[in-house]
Amino acid sequence: MQYWLMKTEPETFSWEDLKNCPDRREHWDGIRNYLARNHMRQMAKGDLVFIYHSVVKPPAIAGIARVVRTAYPDHTQFDPSAKYYDPKSAPDNPRWDMVDVQAFKELDRPIPITELKEIPGLENMALFRMSRLSVQPVTAEEWKIITGLRKVKAL
DNA sequence: GCCAACGTTGGC
DNA sequence: GCCAACGTTGGC
């Protein structure tokens, strides 16, 4: 079992949007950063993921999802009308992948980054050290600390 | 292969 | 709105 954190701007796609998808699941497209992509390629079915809302006030972990499909080509890279179209990516050798995630557990309220910064044991989180990385690993210790901050309810 | 210029992310 | 961090691009 591995743990991850994935960022999203809720104006584009939020935790609530994920919960409202059919079967509460959706593909996670639009990742155009190699390190983030490589992290997605390491994901296994059943891995758990913090869904993090960025660029809003306050930025916060909004919910817990799980990986329901491992990495496969992100179709939006081939769509000239898509925001994340990549003309350099060849269909026979796709550059960008996505995974499918499903809303899995609800937090009784979001966990803002300001709170996370104050918690002993979270000092080394990638969230603080690599501020622009949109898909990042979370250690088992960090996961345990963070989920312990809230009541976690099954969906 | 280096590096300056530029664009994007994202917290504050 | 600012600006730091940092990834990408392109000239040389």
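The sequence lines fix the lettering, A, B, ..., with proteins before strands; numbering per chain opens at 1. Since this is a predicted model, take the numbers as computed values, not measurements.
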- Select from A/Arg132 and A/Val56 the residue whose nearest nucleotide in DNA chain B is closer to the 5' end of that strand. A/Arg132

- Note on the structure: Nearest-nucleotide check on DNA chain B, A/Lys83 vs A/Thr114; residue mapping nearer the 5' end is A/Lys83

- Taking the side chain of A/Tyr34 as its heavy atoms from C-beta onward, which of C/dT9, B/dC12, C/dT8 lies nearest to it? C/dT8

- What nucleotide, of B/dG10, B/dT9, B/dC12, holds the atom closest to the side chain of A/Ser54? B/dG10

- Could you check A/Arg129 against A/Lys57 and say which one's nearest nucleotide on DNA chain C is further toward the 5' end? A/Lys57

- OP1 or OP2 of B/dG11 less than 4.0 angstrom from a side-chain nitrogen or oxygen of A/Tyr52, does that happen here? yes

- Counting just side-chain N and O atoms, does A/Lys88 come under 4.0 Å of either OP1 or OP2 of C/dT9? yes

- Query: Between A/Asp74 and A/Arg95, is there a salt bridge with N-O shorter than 4.0 Å?
  - Reply: no

- Message: If the threshold is 4.0 Å, N to carboxylate O, is there a salt bridge linking A/Asp108 and A/Lys153?
- Response: no

[X] [atom1] to [N] [atom2]: how many Å, rounded?
{"X": "A/Asp86", "N": "B/dT8", "atom1": "CG", "atom2": "P", "answer": "14 Å"}
{"X": "A/Arg32", "N": "C/dT9", "atom1": "CZ", "atom2": "P", "answer": "13 Å"}
{"X": "A/Met6", "N": "B/dG10", "atom1": "CE", "atom2": "P", "answer": "13 Å"}
{"X": "A/Glu9", "N": "B/dG11", "atom1": "CD", "atom2": "C1'", "answer": "12 Å"}
{"X": "A/Leu127", "N": "C/dA5", "atom1": "CG", "atom2": "P", "answer": "16 Å"}
{"X": "A/Arg95", "N": "C/dG7", "atom1": "CZ", "atom2": "P", "answer": "16 Å"}
{"X": "A/Ile31", "N": "C/dG7", "atom1": "CD1", "atom2": "P", "answer": "15 Å"}
{"X": "A/Leu133", "N": "B/dT8", "atom1": "CG", "atom2": "C1'", "answer": "14 Å"}

4.5 Å side-chain heavy-atom contact, [X] and [Y]:
{"X": "A/Arg69", "Y": "A/Val99", "answer": "no"}
{"X": "A/Leu48", "Y": "A/Phe104", "answer": "yes"}
{"X": "A/Tyr52", "Y": "A/Leu127", "answer": "yes"}

- Query: How would you label the contact of A/Leu35 with the nucleic acid (heavy atoms, under 4.0 Å): base, sugar-phosphate, or nothing?
  - Reply: nothing

